[in-house]
Every structure is written in structure tokens, then in C-alpha cells.
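Within every chain, numbering begins at 1; the chains are lettered A, B, ... in the order of the sequence lines, protein sequences first and strands thereafter.
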Number of protein chains: 2
Amino acid sequence: MELAAAKLKFIEAWGKLGSEWGINRTMAQVHALLLISPEALTTEEIMENLSISRGNANMTLRDLIGWGLIEKQHKAGERKEYFFADKDVWNIARQVAKERKKRELEPVLKVLNELSAVTGNEKDPELITFKKSVADINKLAGNVDKTLETMLKAEESWFWGSVLKVFK
Amino acid sequence: MELAAAKLKFIEAWGKLGSEWGINRTMAQVHALLLISPEALTTEEIMENLSISRGNANMTLRDLIGWGLIEKQHKAGERKEYFFADKDVWNIARQVAKERKKRELEPVLKVLNELSAVTGNEKDPELITFKKSVADINKLAGNVDKTLETMLKAEESWFWGSVLKVFK
DNA sequence: ATAAACTTTCAATAATTTTTGAAAGTTTGA
DNA sequence: TCAAACTTTCAAAAATTATTGAAAGTTTAT
């Protein structure tokens, strides 16, 4: 397979994966494009490459900056802004984990804790089942939270070394 | 907080979390409802409880069965089908991990392997960057795959015991 | 102060996803 | 065999989400 075709395929696959995981398709594609680009690109180049509008490109790039996945770069003597992606895949994974933890896991943990305080007749099967479900999910979510916390601080080789060693 | 209010809040929170992770909102809500229900419910009851149509309820229930998260139950002497959810949260986590691995991770691994075979001028920075990105993602995805594989086979207490012990 | 170069905004539009509900299909018991 | 009880299908409608593009905004150089 040639590079040009491979690039298209990669961008498409990344976009699909993103959309399956609740990330805007275009955002994932822009990220893919920057990830495989050795040079920083301008908004113009990104628009052209992916056939998207200026407004879409602008908003998507801002979102990606918000996720901590890309950065702006200024070239001396130029007015244009260039964008480039962090190429370290472990950093990317950590950054995504960090943001989703903050945006999704933490709010859910907060709700679960509130729901633990539900009151009622302690003999009611409805209440018993409810409390057990909430408690169990809470426990699992707590473990996920702790593991992510470790991952956020860890070096890739240490993390996988430890995990895979345990699991032989 | 009273049970009725708590249930609503739980169903809403579960639905929101689902939609943030690429799972249909209604599907997550039906799952939530069955998860906190001590008894199996009929399509009719689910429709009423969540104010959804018969068609929607039927399709959603089929999807949930496809994900291995709920099952049909037949009550002696009744024509109606009852649905109930596995209440073991670790089983749920495993089931979701298993399905997403199969539906999403494995196809991506397949594409990444194909993309590793890209050809071209080995001095071209475009090609160098592309190959490195693909190789790095491949490695990470491979580690995730192995860890999920372990998780699928493991008991909850063993899994978290091992992971959390390593991470102190 | 002006104009060119560039970025941002956002209402309108388009695309996609979800839901509805009535009709068709199936199963069961008499 | 019939009809009641129940389930499934799917085209149309609704809801949601993403995209466009032109206008407004900003920055910089002269």
C-alpha cells in the first residue's frame, strides 16, 4: 500500500473509532491528520486536506486544543497559525484519560455518592436492589478512578511493565 | 432523597454516561431501569416507565440482549416476555469490554496491521512519521488488548487486587 | 488611520441518529 | 381453524448533532 492511500485509510479508521467512542468524527480525523504529519499545518491546509469548511476547522481545532491533544505554533515572520499534534501516543492516551475522567467519571461518581443516601423502607426489595446496584457501581468506578490516577502519573514502560507482569 | 427520585436520577445519569460513550441514550436507560429492578419487567412496563414507544422498546431490548447485558425470562402460564438484567457489575463491565473489544478494538488492530505494510521512500519524513505513529498506536493497542484479555478471564477481586497492589 | 491577512462567530442548513406507531407477523389455546 | 395476545418491522417524522459560509472581529505592518 502506498502512503497516500494509507493516510486516507488511517484518517478514516481514526474517525470511525472516535465516533464509536463519542468523539466527533471530524475532530478525530483532524487529530489523525496532524498525528501523521511531520510538519505543523495551517487551518487552510487542514480544510483542504479533509474537505471541511473554515468554521468547522476552526471549531474543531479549538476543541482539540481544549482536549490538550494539539497546540498552536507560530512561525517567525508569518501571520498564520500552525497546528501540530503531540506525537507521543502515551501522552495522548493519558490526556484523553485525564479529560474523560474529569468530564465524565467524576460527575458520575458525584451522583452515585448522592444516590447512596437514598432513604426508605429498608425491607423494600426495590430499595435493597437499588442500594446494592449503586454501591457496586460505586466500588467499581472507584477502582477505575484509582487506576487512572496511577496511569496519569506513570511512564508508559513502567505502567505496562507492571500491568503485564502481573497478568503474565 | 426518596427512592422514586433517586431512581429517576440514576436512570438519567446512566443515560447521559452512555451517550457520552457512544451508547444510545435509551438503551442505557433501559439497562439502568432493569439493573435497579428486583423483578423482571415486561415490554409494556418498560415503555410506561420510560415513556418510550413499543417499537423503540423492542429494538432497544434486542440490542441489549445482543450486548449480553439482559436476558428474556418466561413465566409459567404467561404469554408475555419478561426482561431482566444481570446484576453483577463486574460481569457487566466484562461484557461491555468484551463486546467493544470485538466490535471496535479488533477491527482497528486489523487496519493498523495492514497500514504497517505501507511502502515508499524510506527517507521521506511523511513516511517516517506515518510509520512511527502507526507502530506506536499498534503497540499501545496491543497492550490494551492483552490487558482486556486478562480482565475477561479474571474474577473481580483478583483483578483489582492485583492492579491496585501494583500501584500501591 | 488604514488595509490586508488572518481568525472567530453563529444563524441557517444539512446530515445523521433516534423514535414513533400502525401494520404485518407469530404463537398459543380453544 | 380462528382469534386473541403478543412481538417485530420499517417508512415516516422528530430530535439531535455537525457543518457551512459569510459577516464580524482582530491583529499587524506601513
Side-chain angles (χ1 to χ4, degrees), chain A residues 11-12 14-34 39-67 69-84 100 103-104, chain B residues 11-12 14-34 40-67 69-84 103-104:
Chain A
I11 289 168
E12 194 194 350
W14 211 237
K16 179 151 173 274
L17 186 67
S19 70
E20 284 164 342
W21 285 85
I23 283 149
N24 177 311
R25 194 189 165 64
T26 300
M27 188 168 142
Q29 289 184 335
V30 170
H31 182 236
L33 177 64
L34 290 174
E39 302 290 338
L41 301 180
T42 62
T43 302
E44 209 77 32
E45 288 170 315
I46 293 163
M47 287 165 59
E48 241 172 64
N49 232 299
L50 301 175
S51 306
I52 61 175
S53 71
R54 185 173 300 285
N56 195 4
N58 184 267
M59 290 188 122
T60 297
L61 288 165
R62 275 217 274 107
D63 281 354
L64 281 169
I65 289 171
W67 276 81
L69 295 176
I70 68 171
E71 285 177 48
K72 284 185 186 176
Q73 191 175 67
H74 287 285
K75 295 207 177 177
E78 292 213 45
R79 295 275 302 269
K80 272 177 290 199
E81 288 178 329
Y82 286 76
F83 298 90
F84 72 100
R100 297 204 87 147
R103 297 176 194 206
E104 291 142 28
Chain B
I11 289 167
E12 195 194 349
W14 211 238
K16 180 152 172 272
L17 186 68
S19 69
E20 285 165 340
W21 285 84
I23 285 149
N24 178 312
R25 192 189 168 65
T26 300
M27 185 168 145
Q29 289 184 337
V30 170
H31 183 236
L33 177 64
L34 290 173
L41 302 179
T42 62
T43 301
E44 209 77 35
E45 289 170 316
I46 292 163
M47 285 165 58
E48 244 173 59
N49 231 297
L50 301 176
S51 307
I52 61 175
S53 71
R54 184 173 303 283
N56 195 4
N58 183 268
M59 289 189 121
T60 297
L61 288 165
R62 273 217 277 107
D63 280 354
L64 281 168
I65 290 171
W67 275 81
L69 295 175
I70 69 171
E71 284 176 48
K72 283 185 186 177
Q73 192 173 68
H74 288 282
K75 296 208 176 176
E78 292 215 45
R79 293 274 303 267
K80 272 178 290 198
E81 289 178 328
Y82 287 76
F83 299 90
F84 72 99
R103 296 177 193 206
E104 291 143 27

Contact under 4.0 Å: Thr26(A) side-chain N or O vs dT19(D) OP1/OP2:
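Checking dT19(D) against Thr26(A), a side-chain N or O does come within under 4.0 Å of OP1 or OP2.
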
Rounded distance in Å - [atom1] ([X]) to [atom2] ([N]):
X        : N       : atom1 : atom2 : answer
Glu45(A) : dC6(C)  : CD    : C1'   : 14 Å
His74(B) : dT28(C) : NE2   : C1'   : 13 Å
Lys16(A) : dT17(C) : NZ    : P     : 12 Å
Glu81(B) : dT8(D)  : CD    : C1'   : 11 Å
Asp63(A) : dT9(C)  : CG    : C1'   : 14 Å
Met47(A) : dT19(D) : CE    : P     : 14 Å
Leu50(A) : dT19(D) : CG    : C1'   : 13 Å
Lys80(A) : dA4(C)  : NZ    : P     : 17 Å

Taking the six-membered ring of Trp67(A) as reference, does the cationic atom of Arg100(A) (NZ for Lys, CZ for Arg) lie under 6.0 Å from its centre and within 45° of its axis?
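Pair Arg100(A)/Trp67(A) does not count as cation-pi.
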
Identify whether NZ of Lys or CZ of Arg in Lys75(A) sits under 6.0 Å from the centre of the six-membered ring of Tyr82(A) and within 45° of that ring's axis.
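Cation-pi check for Lys75(A) and Tyr82(A): passes.
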
Strictly by side chain to side chain donor-acceptor pair (under 3.5 Å), give each pair with a member in residues 16-27 of chain B just once, sequence neighbours left out.
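For residues 16-27 of chain B, and leaving out neighbouring residues, the side chain to side chain donor-acceptor pair (under 3.5 Å) pairs sorted by first residue read Glu104(A)-Trp21(B).
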
Just call it for Arg62(B): base, sugar-phosphate, or nothing, with non-hydrogen atoms closer than 4.0 Å on any strand.
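Sugar-phosphate contact only.
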
Could you tell me which residues satisfy side-chain contact (heavy atoms from CB on, under 4.5 Å) with Glu71(A), sequence neighbours excluded, listed by chain and number?
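Glu71(A) satisfies side-chain contact (heavy atoms from CB on, under 4.5 Å) with Phe84(A) once adjacent residues are dropped.
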
Shortest non-hydrogen separation from Gln73(A) to Ala40(A) and the atoms involved:
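Looking at all heavy atoms of both residues, the closest pair is OE1-CB, 3.2 Å.
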
Minimum-distance pair of heavy atoms, taken over all atoms of Lys80(A) and Thr42(A)
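Reported closest heavy-atom pair: CD-CG2, 3.8 Å.
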
Sorted by number, the residues of residues 51-59 of chain B with heavy-atom contact under 4.0 Å to DNA chain C
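Residues of residues 51-59 of chain B that come under 4.0 Å of DNA chain C are, in numerical order, Ser51(B), Ile52(B), Ser53(B), Gly55(B), Asn56(B).
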
Taking atom CD of Glu12(A) as the centre, report whether more than 12 heavy atoms of other residues, nucleotides or ligands fall under 6.0 Å from it.
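Open: at most 12 neighbouring heavy atoms sit under 6.0 Å from CD of Glu12(A).
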
Find which nucleotide of DNA chain C each of Arg79(A) and Lys72(A) is nearest to by heavy atoms, and output the residue with the more 5' nucleotide.
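Residue closer to the 5' terminus by nearest nucleotide: Arg79(A).
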
